[in-house]
Structure formats: C-alpha cells, structure tokens
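To start, the structure itself, in structure tokens.
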Amino acid sequence: MAKVILPQESQLEATGVSLEELLRQQGLADEIVGALHDGELHDIRDPLPATGEVKALTITDPEALEILRHTAAHVLAQAVKRLFPGVKLAIGPAISDGFYYDFDFPEAISRDDLPRIEEEMKSIVAQDYPVERVYLPRAEAEKLLRDEGESYKLELISDIPDQEISFYKQGEFMDLCRGPHLPSTGLVKHFKLLDLAGAYWRGDSTRVMLTRIYGTAFPSAEALEEHLRWREEARRRDHRRLGPELDLYSIHNDSIGAGLVLWHPKGARVRHEIETFWKERHFAAGYQLLYTPHIGRARLWQQSGHLDFYREGMYAPMDIEGQEFYIKPMNCPFHIAIYNSRTRSYRELPIRYAELGTVYRFERSGVLHGLLRVRGFTQDDAHIICRPDQVEDEIRVVLRFALDILRTFGFTQFAAHLSTRPAKYVGVPEAWDLATDALRRAIEAEGLDYDVKEGEGAFYGPKIDIDIEDSLRRAWQLTTIQFDFNLPERFDMTYVGEDGREHRPYMIHRALLGSLERFFGILIEHYGGAFPPWLAPVQAAVLPITEEQIPYAEGVAGRLRAAGIRAEAWTRGGKTLRYLIREAQLQKIPYMLVCGAREAEAGKAALRLRTGEDLGAQDLEEIIARIRDRIERKTPEL
RNA sequence: GCCGGCGUAGCUCAGCAGGCAGAGCAGCGGUUUCGUAAACCGCAGGUCGGAGGUUCGACUCCUCUCGCCGGCUCCA
C-alpha cells in the first residue's frame, strides 16, 4: 500500500490505481496536478507505487511548477503548430525560471511573432483541453512521427529503450513526451513568452540551428508579475548599463578590441579597494605575493602541456629574435618556476604563492559579455604547494578563507560542488582519494550545502567550486579550489623530506573571486551600483547651496579627505541644491553633505544619506567618525 | 562561429510613401544664488555604423561588411 499525503495533511492509502483514479473516487481530482515520490515527480495518471509515501501536489506547490511549465511548453508547441504549418518540433522542457520549446520553422520568425503565438496559446488555455497520456507500441509511434514529418522526434525515440512509447495528447496536438503533465490545458493560466533565440539541435554546433522560444509560467498572476518585475530589476542592474552610467569602465570593440576592459578612474578606485583588501587578507593568511610576466617562451607552454591541451584558448605566438613567445593564459607555470628556482625543504612547506595575474584567453566573439566574459582578465590566483600530511588542513583553511572574504562583499548564500575523478585522469588513485576526501571534509566542516559531480573533475585533479547567490538570488560561480596532479609531474617539482629524499609535493590552484573583471561585474549587479561605503568610488559629495559656500564646501571636502574619506566638493556654479542632490543620487554616492549659510556659520554640514534620509546639521567630527566607522567595518550600512 | 533582432548627436530616442536630419539630457556661453531627486535663455553638436548597388534623388529599398543585444556552443 502506498500512503498518499493530500493537502491539508489528510491521508489516503491505496494500491494498484493511479492517483487520478483514486482522487476521482474521492471527488478531489481537479485540485491535484502531480505527485512527488522519493523526490521525483510523477504523473497523476501513473499507477501509484506499491509502497512508500506519495505527496499529492496542487498547482500552487513549488514542486508542481515544473509540471505547469512543461505543460505550458506543450501549449506553446500546439499554438506554433497551428500558426505555422510545416514546423517541426524538437524538445521543450521546463527550466529553472520558465520553459522553452525548440522548433524548426519552415521560414524564419521574429520576436514580433510572439504576441500572436501568445494569443493562440491563450485560446488553447481557454479551450481547456484535457491532457491525456497515451502509450503507443514502438512501431506505431515511429510510424506516427514519420507520417507527421517529425524527424527530430523520430531521432529522440531511437534513444528511448522502452517498447511502449509515452505520448501526451491535448486537443488535436500530440507530442512524444515522458511527462508529467497537468490534467488539462486550462490550468496554464498565467504565462508569458519572453524571448526568441537560436539553439543547436542537441546542443551540437555541427548540427542544425533551431529556433528556441522562451517563456515562463506561474500558478498565479501575482507570481508571474513578480517574476516579470524581477526580470526588469535585473535589467536595470545590468552592469553593462550601470558601468558606463556610473563611469566605471568601458569596452571599445572597434578601436581597442572585444573583451578588453578599460577601467575608468571610478572603477579603478573600486578595484584598488578590492585589491588592497585582498592583499592584506592574503598576507595575514600566510600567502606570499608574486608578480610574473605576461609572456613566456613556447617551450614553457610546451612543458606545461598548455600547447597540447589548451592551444585553442591561447593567442597566436609572437616571434622575438627567432624565439616563439606566447601571451599567458594562466599563471601556474611561472609560480612553479619560482618554486623550482631552488631546492625546497619539507620545512618550508606549505608555500602559498598568490598573484593578481593578468591573463589573456581566446573566447569566441559570440560569448563575450560585458565584464562577465572577457578576453583579458586578472585572476586572483594562488598556488598552494604542500606535503601530503598538510593537505587536509590547507584545504579547510583555504575554504574558510574564501567564504570569509566573500562574506565581506555581502554574499551570504553559498552552494558547493565537488567534482570527482573522471574516466581519463593523471596521477594515482590514492592521491585522488586523499584529495577528494580532504575537499569533502572541508565542505562539511563549513556546513555548506553541496552536491557531488561524479567524474566531472578535470583530468588533472578533483575540485570544489563555490556558487554564491547575489541580492537578486542569482547564482554565480566564483571560487574554485582544484588539485593538480599534472603540473608537479611535468615540471618535476620536488621537496627534500625529513628522510633526505626527494618527494613530490601536492599542488592546489585556487581563485576566490575568479577574475577581478568578472567579480566587479557581479558586484555592480549585486549592489545595483550602490556600493557600500568602503568600496564606493566617491564616498561623500559636499554640496554648497549657493556660490557663497563654495570655499566652505571645499574646506569640508578637504577635512574629509584628510581623514581618509573620498570626498568631492561639487562647486560648479549655478546649480540648485535639488539638482546637485539628484546628481549625487544618480551617482549613488553614499553621503551628501549639504552646506548652506547656516552650516557654514556653525562649522557643520547637513548629512543626507543615499537612502534619502536627512540627518540634519552635524559637526564634521561626528560625520567623519560615522563614515570612518562604516568604512573600517566594511559594512553596507550608511 | 551559428540563429534571430538591432545600429540616427556623448547618452536616451523620434523620423522616412525614397525628396534640405529632429527632441530631451549631457557639453559650451549667459542669466539666476536657490535648503534635500532636474532653475531659465541661447549656442554648438551628425559622412543616419562602414562599403557597394538600385534611383533624377537613399537615413529610408537591396547586397556585403563591422559592431551590439538575446541565446546556442566551447571552457586543458
């Protein structure tokens, strides 16, 4: 007997029937749209499992969202088939915030076609077709698809082992599909088509390019509205919009080159603060700072294996006095060369080399994206070289270090991914096991949620990747901690042990922020351009009310600067206070010091915060103390 | 690289059936001296992304090209 948990906690016991059947007997069928058993979604038309607990889902259950969206994708496909005879269907799954369907249209469609597709979808929803599940014997299924000209579906079916093939049918529309689906199309009430894009059939760039239509669906109008507002907010915070608006950085594809970033004074100031903080923390944690060149001879990259395995990511060589040089795509070989520059004793280990190292990698033009995907970037790189007995501690310490630094930037939600040994690997399994265990224990010691990606480690070692969640709840992969069993071998890295013999050290690559460019882009979006005081390029704007107060305002700004606060007196003549405040707001400057005749008289300034809060006239000492405090604590509070 | 869309002043955008290229903001000059998100007047600013074609005439139509955006793909 399976136990069925219904909404409102009531329970049923049943066996040998489908959930749909069971509920119909109880007169509840309309509310339930899916079933959850062992963390897996099931169709209400499926027979209930023999034992265990089944949670019956209503359309408002978060777990049911996937079913809703999958059915929405079918409604989309049905609408498209009605409007574009001759279209072929590929695949149409639910995704994390909506759904899509890939089509092969007889002729190109454009975004302008989305509204009428949406209209047709609405009519399909209004028709409220029951969604039926149909199983066809393989031969019959193939014939059906062949007759319909559904060549993509035919290809999919050949990968399905089952003899009875599952289809779903709603009205005149029938689609090869494993399900589950809603009971009827009328339940897809709140949806919207969002985008149109190209997508290769089966993600394979050698195959045909299909047209993908993206949409989203929610159980309520409010949830849909909220999602659309969220998209709008994300658009508003786009670092590619805010970056130039706040005069932080620019990219000039035509004159300078795609994926190459110019850091303007304000962006450079933020970067400087990040780097200073980063260096201080690294010194405190026992790292040694390095600087290494931007190019190196071909033989170096030959020895490292980059030319064999990573050539397509590297720029073409340059000829210097008959020798080939390559611009560096990674810093590791240089760090190793420093390690290898003399004999190392076991007493010296662990050695922690850190570098803000600028590297250049070829990325195809289509993937470049603002600061998030560039061709030249500065990694916050480090290599930890240690003995086997130090691995466990080093990993634990580096992970804690990483989280600590990320928290300072206002990130509090983390998820870890542990990637283990792939089929093709270098090194010995014992070393892999030791390393993988150390990684796992470190994650567990920090109490992080994590998943294990079996076999997804690089061929040279297992790794941890950390995703952070930003203020819009978007995940970004930042930190990576990777073992390397390859380079120590290739460069014959050794240390002399207690036993007087040479041993091979363990080497760990790690980047905490990833790259400064990408991290900056993420920070801009995370804060919506409103940096906390310690990072804000301009921390205080001193605003004179009339030209009379210009000298006083300059004096105030000078006092603040002397106290280590980035302050500017805004002394352009003829601007009203309202104007200056609006300017400062748009620049997202945390503190505005209003200086009128009254303040000048009293040697004070009226403090206004970026939040709009007016704190009234205060002594300069008081204001300076407040701002200094926020900067020192690196808090987002004003 | 591929599919779709888009390129008009520094920025945001309007314009066109093919007939002298427009507005707001920013900039510059002046007036105003102002109390918490845009004072007022004026001036200047464009090879309409680039090249070729159709046409008496192209910002407008066609072809190519460069760039951007949304995705796909790749990421030892």
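Naming convention: chains lettered A, B, ... in sequence-line order (proteins, then strands); numbering from 1 in each chain.
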Partner of B:G24 under the Watson-Crick or G-U wobble criteria, both distances under 3.5 Å, comes out as B:C11

Test item: A:L76 and A:F191 side chains (from C-beta on) under 4.5 Å apart, heavy atoms:
no

Is it true that the NZ or CZ of A:R212 lies under 6.0 Å from the centre of A:Y100's six-membered ring and within 45 degrees of the ring axis?
-> yes

Spacing of the P atoms in B:C74 and B:G5 (rounded, Å)
25 Å

Quick one: which protein N/O atoms are closer than 3.5 Å to N/O atoms of nucleotides 41-43 of chain B? Pair and distance per line, please.
none

Walking RNA chain B from its 5' end, the first of A:V594 and A:E547 to be reached, judged by nearest nucleotide, is A:E547

Between CZ of A:R241 and C1' of B:C11 the distance, given in whole Å, is 11 Å

Task: Separation of the C1' atoms in B:G45 and B:G4, to the nearest angstrom - done: 35 Å

Readout for nucleotides 71-76 of chain B: B = base within 4.0 Å of protein heavy atom, S = sugar-phosphate only, - = neither; 5' to 3' it is BBBBBB

| Is it true that atom CD of A:Q618 has more than 12 heavy atoms of other residues, nucleotides or ligands lying nearer than 6.0 Å? | yes

A:D113 CG to B:G70 P, in whole Å, measures 21 Å

For B:G46, the nucleotide meeting Watson-Crick or G-U wobble distances (both under 3.5 Å) is none

Rounded to whole Å, CZ of A:R375 lies from C1' of B:G67 at a distance of 13 Å

Checking A:Q585 against A:R608: is there a side-chain donor and acceptor pair closer than 3.5 Å? yes

Using a cut-off of 6.0 Å, state whether more than 12 heavy atoms not belonging to A:K192 lie near its atom NZ.
no

Q. Which value, in whole Å, describes the distance between the C1' atoms of nucleotides B:A76 and B:G71?
A. 26 Å

Side-chain N or O of A:Y579 less than 4.0 angstrom from OP1 or OP2 on B:A26?
yes

Handout entry: Note, A:H239 side chain near A:Y249 side chain (heavy atom, < 4.5 Å)
Key = yes

Separation of B:G4 atom P from A:D104 atom CG, nearest Å, is 12 Å

Should A:E232 and A:R235 count as an ion pair when the cut-off is N to O under 4.0 Å? yes

Counting the benzene-type ring for Trp, do A:F84 and A:F103 have ring centres under 6.0 Å apart?
no

Open item on the list: So for atom CD, which belongs to A:E155, do other residues, nucleotides or ligands contribute more than 12 heavy atoms lying within a distance under 6.0 Å?
Closed with: yes

Any base atoms under 4.0 Å from A:A584, or only sugar-phosphate, or nothing? Heavy atoms, all strands.
nothing

Paired to B:A37 by Watson-Crick or G-U wobble criteria (both distances under 3.5 Å) is none

Assert: residue with more 5' nearest nucleotide on RNA chain B, out of A:L210 and A:T546, is A:L210

Please state the C1' separation for the pair B:U63 and B:G70 - nearest whole angstrom.
25 Å

Rounded to whole Å, CD of A:Q549 lies from P of B:C34 at a distance of 9 Å

Whole-angstrom distance between B:G52 and B:C6, as gauged at atom P = 24 Å

Pairwise C1' distance for B:C13 and B:G46, with rounding to whole Å: 15 Å

| said: Within the supplied structure, the quantity of interest is the number of heavy atoms (other residues, nucleotides, ligands) at a distance under 6.0 Å from A:E226 CD; does it exceed 12? | reply: no

Pairing partner of B:G57, by Watson-Crick or G-U wobble and under 3.5 Å for both distances, is none

Note to self: If I pick the C1' atom on B:A58 and the same atom on B:G18, what distance separates them, to the nearest angstrom?
What the structure shows: 6 Å

Between CG of A:L577 and P of B:C34 the distance, given in whole Å, is 12 Å

For B:G18, the nucleotide meeting Watson-Crick or G-U wobble distances (both under 3.5 Å) is none

To the nearest angstrom, the NZ-P distance between A:K575 and B:C34 comes to 17 Å

Pairing partner of B:C75, by Watson-Crick or G-U wobble and under 3.5 Å for both distances, is none

Checking N1-N3 plus N6-O4 or O6-N4 for Watson-Crick, or N1-O2 and O6-N3 for wobble, each under 3.5 Å, the partner of B:G52 is B:C62

A:L242 CG to B:C11 C1', in whole Å, measures 14 Å

| field | Salt-bridge criterion met for A:R202 and A:D204 (N-O under 4.0 Å) | value | no

Worksheet item: Taking atom P in both B:A23 and B:C41, what distance in whole Å separates the two?
Response: 14 Å

query = Looking for any heavy atom pair under 4.0 Å, which part of the strands does A:E599 touch: base, sugar-phosphate only, or nothing?
reply = base

When both distances are under 3.5 Å in a Watson-Crick or G-U wobble arrangement, the nucleotide paired with B:C68 is B:G5

For residues 293-312 of chain A, the salt bridge (Lys or Arg N to Asp or Glu O under 4.0 Å) pairs (sequence neighbours left out) are none

task = Examine B:G35: is either OP1 or OP2 under 4.0 Å from a nitrogen or oxygen in the side chain of A:R598? Give yes or no.
result = no

